[in-house]
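This report refers to the structure that appears directly beneath it.
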Amino acid sequence: MILSLVLLVLIQSAGVTPVTVRTHSPIVEVQENSDAELSCDFKTERENNPRIEWKKKDKEVSFVYFKGHFTGPFQGRATIDGATVRLQRVTQADAGEYRCEVSAPLDSIKLGETNVTLKVLVPPHTPSCDVPSSALTGSQVELRCKDQHSIPPASYTWFKDKTALVPVWHANATYTVDVVTGVLIFQTVSRSDTGLYYCEAKNGVGSPKRCESTHMQIDDLNVPAVIAGVVVVCILVILCTFGVCYAHRQGYFSRHRGRSFWIAQCHGVAHISSQNLNRTEHIQHSGYSHPPQESQDFKHTQSFML
């Protein structure tokens with residue numbers, strides 16, 4: 001280590017610079033489907049034909065430019081000038097960190113490198129908006145807006161009847177709006193909140209995009225109608241109950257021997273089967289027996305010839 005430092009000092013004192021590599025744009029931001037330039041400048045001490053390599057650092061390190069040729073998806077859409085690479089029609093797959101490496105075997109310091117980060121920007125797409133068509137006064141209503149594709153992530157602005165709903169921070173605010181998540185919440189809506197609503201997404205890349213406007217109608221809760229409906233249902237239940245009890249008392253639900261049947265009761269329904277009836281009749285007549293047959297009770301049981 002000490003020897004290398006001494007050698008470097010001697011080289012610099014002699015006016016000779018070892019290999020150095022740098023970039024004038026360490027972060028490159030371009031829109032999707034446009035061209036991107038990854039700059040890499042170098043100087044060598046003695047080497048006249050240094051080896052230049054470009055690598056992309058992702059989950060794994062892969063070659064971009066190796067042995068004088070572009071590799072993989074960069075073939076046919078990348079060029080190199082010196083050590084500076086120009087990519088054409090970049091996509092999200094091209095975004096990431098790149099490393100330019102210059103090897104100079106004849107130099108005292110044989111390897112130099114620099115890093116360039118490529119960010120591929122995506123303008124806003126038309127956001128998806130969720131606006132309820134109707135709601136009742138006093139209820140909580142939530143409107144949602146989202147753009148899944150913009151890079152960097154979009155910020156959102158809600159409009160009612162073409163007027164922007166700006167964030168309000170005082171305690172008496174009737175709504176809250178989050179420009180990051182795109183959620184607009186009315187804690188308790190009133191009839192004055194009826195109107196046309198739409199959302200706009202923007203991220204500084206390209207022009208903003210907005211969704212179609214949707215009309216949201218806020219109506220009062222019809223309390224008398226609700227009460228009347230509850231009363232009608234209660235009356236119907238009472239009438240049905242009395243009707244069933246009356247029919248039972250009048251004997252409309254009679255018993256039929258030899259089969260199963262249902263007997264309706266005021267407090268429920270009981271199931272009685274013919275088996276239970278037979279058992280009951282057996283118990284009632286268990287003390288009764290048929291008298292013995294008399295001798296004159298002759299029955300012809302067999303045919304015969306004289």
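Basis for what follows: all heavy atoms, side chains included, without hydrogens, waters or symmetry-related copies.
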Donor-acceptor under 3.5 Å (T194 side chain, I218 main chain): yes
Interatomic distance, T163 atom OG1 to L165 atom CG [nearest 0.5 angstrom]: 8.0 Å
Evaluation steps, side chain to side chain contact (heavy atoms under 4.5 Å, CB included), between T84 and D41: CA-CA 7 Å; T84 297; D41 300 325; 4.1 Å; yes
side-chain hydrogen bond (donor to acceptor under 3.5 Å, both in side chains) involving E200 - partner list, sequence neighbours excluded: none
Separation of E32 CD from I151 CD1 (nearest 0.5 Å): 7.5 Å
Closest contact, heavy atoms only, V30 versus A36: CG2-CB, 3.9 Å
More than 12 heavy atoms from other groups under 6.0 Å of NE2 on H24: yes
W158 side chain to G182 backbone, donor-acceptor under 3.5 Å: yes
Side chains of residues 54-61: which donor-acceptor pairs under 3.5 Å do they make with residues two or more places apart or in other chains?
from, atom 1, to, atom 2, distance (Å)
W54, NE1, A83, O, 2.8
K55, NZ, E101, OE1, 3.4
K56, NZ, A93, O, 2.6
K56, NZ, A95, O, 3.4
K57, NZ, E97, OE2, 3.2

In one Ile/Leu/Val/Met/Phe/Trp/Tyr side-chain cluster, 4.5 Å: V189, V168: yes
Residues which pass side-chain hydrogen bond (donor to acceptor under 3.5 Å, both in side chains) with R144, listed by chain and number, not counting sequence neighbours: E142
Derivation of the side-chain hydrogen bond (donor to acceptor under 3.5 Å, both in side chains) call for Q140 and T188: CA-CA 5 Å; Q140 179 177 301; T188 53; over 6 Å; no
Within one Ile-Leu-Val-Met-Phe-Trp-Tyr cluster: V183 and F186, side-chain cutoff 4.5 Å: no
From S207 atom OG to K202 atom NZ, the distance as rounded to the nearest 0.5 Å: 12.0 Å
Nearest-0.5 Å distance, OG of residue S134 to NE2 of residue H215: 10.5 Å
Sequence-distant partners of P123, side-chain contact (heavy atoms from CB on, under 4.5 Å), two or more places apart: Q31, V205
Any residue meeting salt bridge (Lys or Arg N to Asp or Glu O under 4.0 Å) with R51, in chain and number order, not counting sequence neighbours: E53
From CA spacing to verdict: salt bridge (charged side-chain N to carboxylate O under 4.0 Å, His left out), D94, K119: CA-CA 8 Å; D94 298 325; K119 296 182 178 181; over 6 Å; no
Set of residues satisfying ring-ring contact (aromatic ring centres under 6.0 Å, His included) with respect to Y198, sequence neighbours excluded: F159
Within-4.5 Å side-chain heavy-atom neighbours: V141 and I185: no
C211/C129 sulfur gamma separation below 2.5 Å: yes
Any side-chain heavy-atom pair of T214 and Y197 under 4.5 Å: no
Side-chain heavy-atom pair Q92, L121 within 4.5 angstrom cut-off: no
Short side-chain donor-acceptor distance under 3.5 Å, D147 and S150: yes
Side-chain donor/acceptor of T137 to backbone N/O of R191, under 3.5 Å: no
Test item: N203 side-chain N/O and P152 main-chain N/O as donor-acceptor pair under 3.5 Å: yes
Separation of I52 CD1 from I80 CD1 (nearest 0.5 Å): 5.5 Å
Stepwise side chain to side chain contact (heavy atoms under 4.5 Å, CB included) check, L143 with M216: CA-CA 10 Å; L143 287 70; M216 184 173 69; 4.2 Å; yes
Shortest non-hydrogen separation from P167 to V179 and the atoms involved: CG-CG1, 4.1 Å
Backbone of N49 reached by a side-chain donor or acceptor of E47 within 3.5 Å: yes
T241 side-chain N/O to V237 backbone N/O, donor-acceptor pair under 3.5 Å: yes
Heavy-atom check, side chain of T176 versus side chain of D178, under 4.5 Å: no
K209 side chain near P127 side chain, heavy-atom distance below 4.5 Å: yes
Flag side-chain contact, heavy atom, 4.5 Å: V85 against C40: no
Check: D193 side chain, S190 main-chain N or O, donor-acceptor pair, under 3.5 Å: yes
Same apolar cluster (I L V M F W Y, side chains within < 4.5 Å links), Y156/V122: no
Donor on one side chain, acceptor on other, S133 and Q217, under 3.5 Å: no
Pair S25-T23, side-chain donor/acceptor within less than 3.5 Å: no
Sub-4.5 Å side-chain heavy-atom contact between L87 and L118: yes
Main-chain N/O of R99 paired with N115 side-chain donor or acceptor, under 3.5 Å: no
Validation row: D35, R86 side chains within 4.5 angstrom (heavy atoms): yes
Atom of L184, atom of Y175 and distance for their closest heavy-atom approach: CD1-CD1, 3.7 Å
Distance (rounded to the nearest 0.5 Å) between T117 OG1 and Y98 OH: 10.5 Å
Over 12 foreign heavy atoms within 6.0 Å of CG, D81: no
